[in-house]
Amino acid sequence: MRKILIVGAGQSGLQLALGLQSRGYEVTLMSNRTADEIRSGRVMSTQCMFHTALQHERDLGLNFWESQAPDIEGVGVSVAGPDSARVIDWVGRLDGRAQSVDQRVKMAGWMETFAQRGGQLVIHGAAVGDLDYFSRAYDLVLVSAGKGELVSMFERDPERSPYAAPQRALAVAYVHGLGPRPEHPEFDAVRCNLVPGVGELFVMPTLTTSGRADILFWEGVPGGPLDVFQGVKDPDEHLSLTLGLLEKFLPWEYARATKAELTDAGGTLAGRYAPTVRKPVGRLPGGGLVLGVADVVVANDPITGQGSNSASKCAASYLSAIVEHGDRPFDEDWMRATFERYWETARHVTKWTNAMLAPPPEHVLTLLGAAGDLQPVADRFANGFNDPADFESYFYDPARAEAYLAEVAGA
């Protein structure tokens, strides 16, 4: 029986651990927190998982909260004009529903399941020296802890990382009491609100520790009027800032947030990081090799909502690669090939995300505007959140965008 060590108990690490466990591997999972500490701690992310990523969970029988989480049936886009009025407003319908489950709920539940199924769970904040010691006892070591010292083992890939500094200041609040969008009260959608030159607000329904909730997620241009959350420790002050900015820049969203209150004292989060692609193989001081997983090696800004989706897709890709490899050694060539196989999916996410961080070119504004009149355009954009590779066909090139719009308009 092959022995595998996974360091980091997030979406990718846990999904991969449970997948390997179900296929008979001897898996050790290392986490810096217990399930109870995760469940009672601060929110860790925003997450909206689309059809393909959710199907990876279903394939492993890990969709424990599917009947409880709100069904997200669309993705809507609104663009604010100079006077805070909406100049663009539409919603595209998803071919397959999306869902969001607070990672405090999911990671704690999956961690308990892993232990109940006989997995070895080690609660320890691993350092590089620990891995140097532990690695000798395992056939393969995977690092899926996307923050801290361990990430420093993986060299930045400058050819795949155009940004060296954070492009957005991030601020998250989980709330109860948010009203429905009056344009579609009969179904839930993720709402993307764009304030040109200032930033973005995303609103997404979720299942949290206290039931149904909504996530208010600001992405502010650094140094701009949304970049006011750094150093704010008080959750109530965080919410007050969030709502004040809503009232100023997005009054249509503020109108349904007047009764919003935090889900719990741990329901806020703020920070920033530079989008970075890293080389996949880390070298330990003793000469051992480790393979980076998910946002350890491909960390995109959350502006396109791809973090948990990419983590799920990475775990599924790595699981297939490990199983297919059989009893052969997990050497450096295999590690690099395994990452490149995942990169074939991840590169589309990175390209789209980096494009969305830049000021939109004229043809993209034309596409977004046309989606208000042409429902197929709105639907196609919405479904790109599930399959970002589709944007290659029409989104980046002005001539292709023009041809696509002419085709739809003439249909």
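All values derive from a computational prediction rather than experimental measurement.
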Margin query: If only side-chain N and O atoms count, and only distance matters, is there a donor-acceptor pair under 3.5 Å linking Q11 with S308?
Written below: no
Check: Would you call the rings of Y318 and Y342 parallel, tilted or perpendicular, where under 30° means parallel and over 60° means perpendicular?
Finding: perpendicular
Notebook entry, point to check: So, Y404 versus F395, ring centres under 6.0 angstrom or not?
Noted result: no
Notebook entry, point to check: Between N193 and W252, does a side-chain hydrogen bond (donor to acceptor under 3.5 Å, both in side chains) hold up when you go through it step by step?
Noted result: CA-CA 10 Å; N193 298 275; W252 60 90; 2.9 Å; yes
Margin query: Does E324, at its CD atom, have more than 12 non-hydrogen atoms belonging to other residues, nucleotides or ligands within less than 6.0 Å?
Written below: yes
Checklist line | Output field: ring centroids W334/F339 closer than 6.0 Å | finding: no
Note to self: Within the structure provided, determine whether P275 and L357 are in side-chain contact (heavy-atom separation under 4.5 Å).
What the structure shows: yes
Item checked: Pairing of R191 and D214 as salt bridge, 4.0 angstrom limit -> no
Notebook entry, point to check: Hey, are the side chains of P280 and M335 touching, using non-hydrogen atoms and a 4.5 Å cut-off?
Noted result: no
Item checked: ring pair (Phe, Tyr, Trp, His ring centres under 6.0 Å) partners for H124, two or more places apart -> none
Check: Within the side chain of D397, is there an N or O that forms a donor-acceptor pair under 3.5 Å with the backbone of R400?
Finding: yes
Next item on the list: State whether E253 and R181 are salt-bridged, where the test is any N-O pair (Lys NZ or Arg NE/NH1/NH2 against Asp/Glu carboxylate O) under 4.0 Å.
Entry: yes
Note to self: Check R2 with E26, please: is the shortest side-chain N to carboxylate O separation under 4.0 Å?
What the structure shows: no
Notebook entry, point to check: Is it true that D227 and R168 make a salt bridge, defined as a side-chain N closer than 4.0 Å to a carboxylate O?
Noted result: no
Next item on the list: Spell out, as yes or no, whether a donor-acceptor pair under 3.5 Å connects the side chain of H176 to the backbone of R212.
Entry: yes
Check: If you count the non-hydrogen atoms of other residues, nucleotides and ligands that lie under 6.0 Å from NZ in K3, is the total more than 12?
Finding: yes
Notebook entry, point to check: For the residue pair F229 and H238, is the inter-centroid distance of their aromatic rings smaller than 6.0 Å?
Noted result: yes
Check: Can you find a heavy atom in the side chain of R347 that is under 4.5 Å from one in the side chain of V277?
Finding: no
Check: Is the backbone of D379 close enough, under 3.5 Å, to the side chain of N383 for a donor and an acceptor to pair up by distance?
Finding: yes
Checklist line | Heavy-atom check, side chain of L5 versus side chain of L142, under 4.5 Å | finding: no
Check: Do T304 and T353 meet the criterion of a side-chain donor-acceptor pair at a distance under 3.5 Å?
Finding: yes
Item checked: Sidechain-backbone polar pair: R278 side chain, R156 backbone, donor-acceptor under 3.5 Å -> no
Note to self: Measuring only between side-chain heavy atoms, which start at C-beta, is V281 closer than 4.5 Å to F154?
What the structure shows: no
Notebook entry, point to check: Short question: side chain of W65, backbone of D102 - any donor-acceptor pair under 3.5 Å?
Noted result: no
Next item on the list: Indicate yes or no: does K106 engage E57 in a salt bridge with an N to O separation below 4.0 Å.
Entry: yes
Note to self: So that I can tick it off, tell me whether E66 and R97 are bridged by a salt bridge, with the cut-off set at under 4.0 angstrom between side-chain N and carboxylate O.
What the structure shows: yes
Notebook entry, point to check: Hey, does the side chain of E219 reach the backbone of I303 with a donor-acceptor pair shorter than 3.5 angstrom?
Noted result: yes
Note to self: Between the side chains of R160 and E155, is the shortest nitrogen-to-carboxylate-oxygen separation below 4.0 Å, so that they form an ion pair?
What the structure shows: no
Check: Should we count OH of Y163 as having more than 12 external heavy atoms under 6.0 Å?
Finding: yes
Notebook entry, point to check: Side chains of Q230 and R272: is there a donor and an acceptor less than 3.5 Å apart?
Noted result: yes
Margin query: Is a donor from one side chain sitting under 3.5 angstrom from an acceptor on the other, for D71 and Q99?
Written below: yes
Check: Hey, is the main chain of A299 close enough, under 3.5 Å, to the side chain of Y273 for a donor-acceptor pair?
Finding: no
Next item on the list: Report, as yes or no, whether the 6.0 Å neighbourhood of atom CD on E149 holds more than 12 heavy atoms from other residues, nucleotides or ligands.
Entry: yes
Check: What is the minimum heavy-atom distance between I72 and L94, and which atoms define it?
Finding: O-CD1, 3.6 Å
Next item on the list: Taking Q375 for its side chain and V91 for its backbone only, find out whether a donor-acceptor pair lies under 3.5 Å.
Entry: yes
Margin query: With a 4.0 Å cut-off on N to O distance, would you call R336 and E332 a salt bridge?
Written below: yes
Checklist line | R380 side chain near S393 side chain, heavy-atom distance below 4.5 Å | finding: yes
Next item on the list: Determine yes or no for a side-chain-to-main-chain donor-acceptor pair under 3.5 angstrom, with S161 supplying the side chain and D157 the backbone.
Entry: yes
Margin query: Keeping S320 on the side-chain end and A316 on the backbone end, is there a donor-acceptor pair under 3.5 Å?
Written below: yes
